[in-house]
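First up is the structure itself, then whatever we jot down about it.
Letters go in sequence order (proteins before strands), and every chain restarts at 1. A quick note: this is a predicted structure, and the numbers were derived from the prediction, not measured. All values below were derived from every heavy atom in this structure, side-chain atoms included, with hydrogens, water molecules and symmetry-related copies excluded.
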Amino acid sequence: MKFEISHRDGGSSARAGLLTTDHGIIESPFFMPVGTAGAVKALHVSDLNTEIKAQIMLSNTYHLYLRPGSDIVAKAGGLHKFNGWQKPILTDSGGYQIYSLGAMRKFTDDGVVFQSHIDGSRHAFTPEKAMDVQRQLGADIIMAFDECTPYPCDEAYARKSLKRTHYWLSRCITHFNITDCPHGYRQSLFPIVQGSVYPGLRVESAKFISDQGAEGNAIGGLSVGEPASMMYEMTALVCDILPTDKPRYLMGVGTPANILESVALGVDMFDCVIPTRNGRNGMLFTRNGIINIKNEKWKDDFSPLEADGEVFADQIYSKAFLRHLFISKEILSAMIATTHNLGFYIWLMKEARKKIIEGHFIEWKERMVKQLMQRL
RNA sequence: GGGGGGAUACCAGAGCGGUCAAAUGGGGCAGACUGUAAAUCUGUUGGCGCAGCCUUCGGAGGUUCGAAUCCUCCUCUCCCCA
């Protein structure tokens, strides 16, 4: 994998670059649509590729491990062959999913013992296991096995957890280095900075992560309920320490505003379920602001979803029609909303990149943040 | 013609003397959702000067301290037999 920064914004830490993988080149900064179980919900890979023009998708180790099983995906020849997506893929290690299980899991220093949310069966994940499974799945970028701390989280626990995440990282790297991708192309391992909302821990973690010399670095444990200002503060702190010449990935973020603010801080990669999940629940992100398409006010608004939108659904469908589909619980409602929202997110990243290259990202960002987050 | 049910809030449908402004669904309206246990979940759905009051359970009377709940008549419905 290769990362080359071509442009830097004058008024912020934003940068534009190219990330090269064995499945293609990605223009940064970029957003990764989330396809938890190997598919972006309500979407064909052809639409993700041709219409939405996503450059990379994200998938999940935890989910694919439980179902259909990483051996099945490996037998298919890896996730790209299994789901038909030929561009780059990133898999999350499963740390976050297991954290989300709440009472159904238990962390130990060796790893995590958890129960499947599907059938309650018991499983154990260790750093080595997370590497093995991700080798089998065959994503271009794989993530270290970490513990995502909740918010709030007391400092003592955050410190203990951080120590564990760092210990696990060492084991991930060791195991990663003695294994190979069984599908004949290269994979990169990204470590994850933790430390909750404690500056001291974040700095310590960012230094430790930087010292690993990975091809890219991630910031985790944010956007878990803390105030946005705190998230930006931690992100800024960490970005100042992480290597400049390596891609930075802010995990799980976020709203259009969150993303633009973080791009300004020097983040290159994002993923979030908001455009897909909220889309399925009737929330549309548009260039003028946020729409709850289920609201009565749209019932006779026959204007297109997004007059200047680049995705076919933006032009073809009206707000009133999409509202009708949602109210009628038609499957197409989820497809249209997902297509629109992801199209919007990808467009937003492309615009951000353009503004960085032009050198006036920050002014544009200020204007967009206000505009994009207002409720229509 | 004879016999037997039933009429409850937008709809369906509980309640069968006080704890009922009235269960539960659906529908309506609104909100939430940030490395997806989510095509999910939550709130709300008679009125008002809203920790209280007012008007509601087909209509009109009546019994009772007190009725959606009991009695009488009326109206409308549904079912069975001729």
Side-chain angles (χ1 to χ4, degrees), chain A residues 31-43 57-64 66-67 90-105 114-121 130 134 139 141-151 165 190-194 218-228 230-232 235 249-259 261-262 267 269-283 285 290 292-299 323 325-338 341 345 373 375:
Chain A
F31 178 81
M32 304 179 275
V34 178
T36 303
V40 174
K41 296 184 194 300
L43 219 59
M57 75 174 279
L58 179 147
S59 201
N60 272 281
T61 302
Y62 166 83
H63 296 266
L64 293 171
L66 286 181
R67 190 167 56 191
L90 179 149
T91 46
D92 186 19
S93 65
Y96 183 84
Q97 283 63 52
I98 293 167
Y99 140 84
S100 302
L101 291 175
M104 291 174 73
R105 48 85 172 133
F114 62 95
Q115 279 184 271
S116 161
H117 70 279
I118 300 165
D119 61 6
S121 56
Q134 290 188 91
I141 300 171
I142 70 175
M143 301 305 299
F145 191 59
D146 67 334
E147 178 181 356
C148 180
T149 49
Y151 180 84
T165 286
F190 282 24
I192 304 169
V193 173
Q194 288 290 343
I219 306 168
L222 293 176
S223 65
V224 288
E226 78 285 0
M230 214 171 249
M231 174 171 86
Y232 299 142
T235 302
Y249 166 27
L250 182 54
M251 305 182 77
V253 173
T255 64
N258 291 159
I259 289 175
E261 295 292 359
S262 303
V267 176
M269 307 167 56
F270 300 89
D271 81 280
C272 189
V273 302
I274 281 181
T276 43
R277 181 197 287 167
N278 290 26
R280 289 194 305 281
N281 293 332
M283 184 184 277
F285 295 90
I290 296 169
N292 181 342
I293 199 67
K294 290 194 273 195
N295 284 179
E296 189 174 25
K297 63 194 290 192
W298 306 112
K299 70 178 175 191
R323 171 179 142 88
L325 294 180
F326 265 102
I327 298 296
S328 307
K329 296 183 168 61
E330 285 289 330
I331 292 173
L332 185 59
S333 63
M335 300 169 67
I336 293 172
T338 301
N341 276 353
Y345 264 63
M373 297 312 287
R375 301 284 177 144

**OP:** Assign A:Gly225 to base, sugar-phosphate, or nothing according to its heavy-atom contacts below 4.0 angstrom with the strands shown.
**Re:** nothing
**OP:** Assign A:Ile327 to base, sugar-phosphate, or nothing according to its heavy-atom contacts below 4.0 angstrom with the strands shown.
**Re:** sugar-phosphate
**OP:** Please determine, for B:G58, whether a Watson-Crick or G-U wobble partner exists with both distances under 3.5 Å, and give it or none.
**Re:** B:C74
**OP:** Check every strand shown and say whether A:Asn60 touches a base, only sugar-phosphate, or nothing at a heavy-atom separation below 4.0 Å.
**Re:** sugar-phosphate
**OP:** State which of B:A39, B:C33, B:G35 makes the closest approach to the side chain of A:Arg277.
**Re:** B:C33
**OP:** Pick the C1' atom in B:C10 and in B:C71, then give their distance to the nearest Å.
**Re:** 33 Å
Original post:
Which sits closer to the 5' end of RNA chain B, A:Arg375 or A:Met143, going by the nucleotide each is nearest to?
Top reply: A:Arg375
Original post:
What is the base-pairing partner of B:A23, counting Watson-Crick and G-U wobble geometry with both distances under 3.5 Å?
Top reply: none
Subject >> Donor-acceptor pair under 3.5 Å, A:Asn292 side chain vs B:G31 base >> reply: no
Original post:
Across all strands, who's sitting opposite B:C29 as a Watson-Crick or G-U wobble pair, both distances under 3.5 Å?
Top reply: B:G43
Original post:
Atom CD1 of A:Ile118 to atom P of B:A37: distance rounded to whole Å?
Top reply: 11 Å
Subject >> A:Phe31 and A:Tyr345 aromatic centres sub-6.0 Å >> reply: yes
Subject >> Mate of B:A82 where both pairing distances stay under 3.5 Å, Watson-Crick or G-U >> reply: none
Original post:
Across the strands shown, which category fits A:Glu226 at heavy-atom distances under 4.0 angstrom: base, sugar-phosphate, nothing?
Top reply: nothing
Subject >> Non-hydrogen side-chain atoms of A:Met231 and A:Asn258 separated by less than 4.5 Å >> reply: yes
Subject >> Separation of the C1' atoms in B:G62 and B:G17, to the nearest angstrom >> reply: 15 Å
**OP:** Quick one: label A:Leu250 by what it contacts on the DNA or RNA (base, sugar-phosphate, nothing), any heavy atom closer than 4.0 Å.
**Re:** nothing
**OP:** Report yes or no: do A:Asn60 and A:Tyr96 form a side-chain donor-acceptor pair below 3.5 Å?
**Re:** no
**OP:** Return the set of residues passing ring pair (Phe, Tyr, Trp, His ring centres under 6.0 Å) with A:Phe114 (not counting sequence neighbours), or none when no residue passes.
**Re:** A:Tyr62, A:His123, A:Phe125
**OP:** Would you indicate what A:Ser100 reaches in the nucleic acid, counting non-hydrogen atoms under 4.0 angstrom: base, sugar-phosphate, or nothing?
**Re:** base
